[in-house]
Amino acid sequence: MKKFKLHWQILVAFILAIIYGILFPTSYCLTEKSLMDLERNKFPVEHIENLRKLEGQKFEIQKDFLGVLNNYLTDEEIKSHQDKIISAAYYNKPVSYISWMGDLFLRALKMIIIPLIFSSLAAGVASIGSSGNLGRLGLKTISYYIITSLIAILTGLLFVNILKPGIGADLNFSQQVEGLIENQRSFKDTLLHIVPDNIFSAMNNGDMLAIIFFSVLFGFFITRVRQSYADALTKALNAIFEVMMKITMFVILFAPFGVFGIVAKVVSDQDDLITLMSKMGLYMATVIIGLVIHTTVTLPLIVYFIGKARPFKHMNNLSAALFTAFSTASSNATLPLSMNGVEKNSGVSNKITSFVLPLGATINMNGTALYECVAAIFIAQAYGVEMTFVQQIIIVVTALLASIGAAGIPMAGLVMMTIVLNAVGLPLEGIGLILAVDRILDMFRTVVNVWGDCCGAVVIAKSEGEKLLV
Ligand code: ASP
């Protein structure tokens, strides 16, 4: 019997997950057990007594639940304990039976990332060898990333100006965003943190730029030590890398289950999809149309004409990675799969893959760049602020910076909106306006982020004279 290919398995899991999520929507209900959980979580006892009055009442929509909480707690109290209360009141047995599969899959992917990045990048840089080659490859890669991100932003700019989704948007739809933006690092701090003061704590915190910086440095100086040491280190790093890739291939086998668990939970947690669509439909459509054009027209044209490769064959080779990007909304978590697809299926050398993809997962986010631009102008339109030409240029530049600075994790792009809004003097509360649909758009933009990196790997490999399988 012919084997049912992995990407078909993932697609089936994906469709089943949507059906499951729709059949079992999440509701919110404080039960005796959830009140006890809150107590164990050091939730103030006097508030628990207040919340007890809500015991047993079930709410289908999170916003309604939070609204009723207002009668029992002050705004301040809700704000500081919102996450705890919501997770205690989370009520969805059918989804909790299966969501652990998604959690487990994500944990396994995250487990792989750091040793994979370190071993592949350090070994890759060591094999690139002389500083001249490294400089050339670095410059080429970064220029490619900046140019494609700018094209993505301009695509977004075009559509948001044509479709004008923010005109007449419902400002009452806005949600609280405090807490979300407080932990934001300044741009100066981000630059400073590229150099880690402690590489182990950088690894511990998943500080990607710092890990990349250390790995590149480590690989580079391998070429500067005595030959016998250099050989031993390169061999060891390559061996670790091979093992990590084998673990990746093992984890990928569970992707259909992981995708099922993640997607079912995301779908079931969406509050009132119909209202969301009716209020935010045009904004979502603007972002998605821009992303689709960038994915299916712009990048394929670049791969075809500049990379002299077959873009849709390449896309097909990456289907497991792209589905995983969509479900997890994390470029970092997808990295093991994209490296596997680019190297094993599309035939890009390990030297290029291991340099271009980890760097891309961190600084190259075509989808996020496009989204930042559309969202900022949407907010301006919604608040009735006319954006001058110069302001639109500032948005383009800051959207690029925000996409470079955003981490490859869910919702990072939303948090980075603060940079763009600040730069043109738009109210930060504007983020509340787009919060409700962020998770959905995050899934789409992450696919484009990952696809952009993978196209970059092909174009750079071809420019270095490699023969590929696409
Ligand atoms: N989630 C995106 C990523 O991991 C970043 C973003 O939030 O835009 O690529």
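Counting starts at 1 for both ligands and their atoms, following the listed order. Keep in mind the model is a prediction, meaning the values are calculated, not measured. FYI, side chains are in, hydrogens and waters are out, and symmetry mates aren't considered; it's all heavy atoms of this structure.
More than 12 heavy atoms of other shown residues, nucleotides or ligands fall within 6.0 angstrom of atom CZ in Phe312.
Atoms of ligand 1 lying under 4.0 Å from at least one heavy atom of Thr446, given by number and element, are 1 (N), 2 (C), 3 (C), 4 (O), 9 (O). Atom numbering of ligand 1 starts at 1 in the shown order; those under 4.0 Å from a heavy atom of Ile409 are 1 (N), 2 (C), 4 (O), 5 (C), 7 (O). Atom numbering of ligand 1 starts at 1 in the shown order; those under 4.0 Å from a heavy atom of Gly408 are 3 (C), 4 (O). Atoms of ligand 1 found under 4.0 Å from any heavy atom of Gly413, numbered from 1 in the order shown, are 6 (C), 7 (O), 8 (O). Atoms of ligand 1 found under 4.0 Å from any heavy atom of Ala412 (numbered from 1 in listed order, with element): 7 (O). Close approach of ligand 1 to Met411 is summarised as follows: ligand atoms under 4.0 Å from at least one heavy atom of the residue are 7 (O). Set against the non-hydrogen atoms of Thr368, the atoms of ligand 1 under 4.0 Å away are 5 (C), 6 (C), 8 (O).
Test Cys454, Ser149, Ser330, Ser331 against Asn449 for side chain to side chain contact (heavy atoms under 4.5 Å, CB included) and you get one pass: Ser331. Of the candidates Ile288, Ile434, Asp442, Tyr371 forms a side chain to side chain contact (heavy atoms under 4.5 Å, CB included) with just one, namely Ile434.
Looking only at protein heavy atoms, the nearest one to atom 3 (C) of ligand 1 is Ser331 OG, 3.2 Å. Atom 1 (N) of ligand 1 has its closest protein heavy atom at Asp442 OD1, 2.7 Å.
Relative orientation of the Phe326 and Phe444 rings is perpendicular, given thresholds of 30° and 60° on the angle between their planes. In this pair, Phe254 and Phe250 present their aromatic rings perpendicular. The plane angle is above 60°, beyond the 30 to 60° band. The aromatic rings of Phe118 and Phe214 sit parallel to each other, their planes meeting at less than 30°, with 60° as the upper class boundary.
Here Lys140 pairs with Glu464 in a salt bridge; the nearest charged N to carboxylate O distance falls below 4.0 Å.
Contact annotation: Ala407 has at least one heavy atom less than 4.0 Å from an atom of ligand 1.
A donor-acceptor pair is defined here as one N or O able to donate and one able to accept, closer than 3.5 Å; such a pair exists between the side chain of Tyr145 and the backbone of Val356.
Considering backbone and side-chain atoms together, Met365 places no N or O closer than 3.5 Å to any N or O of ligand 1.
When non-hydrogen atoms are compared, ligand 1 lies under 4.0 Å from neither the backbone nor the side chain of Ala406.
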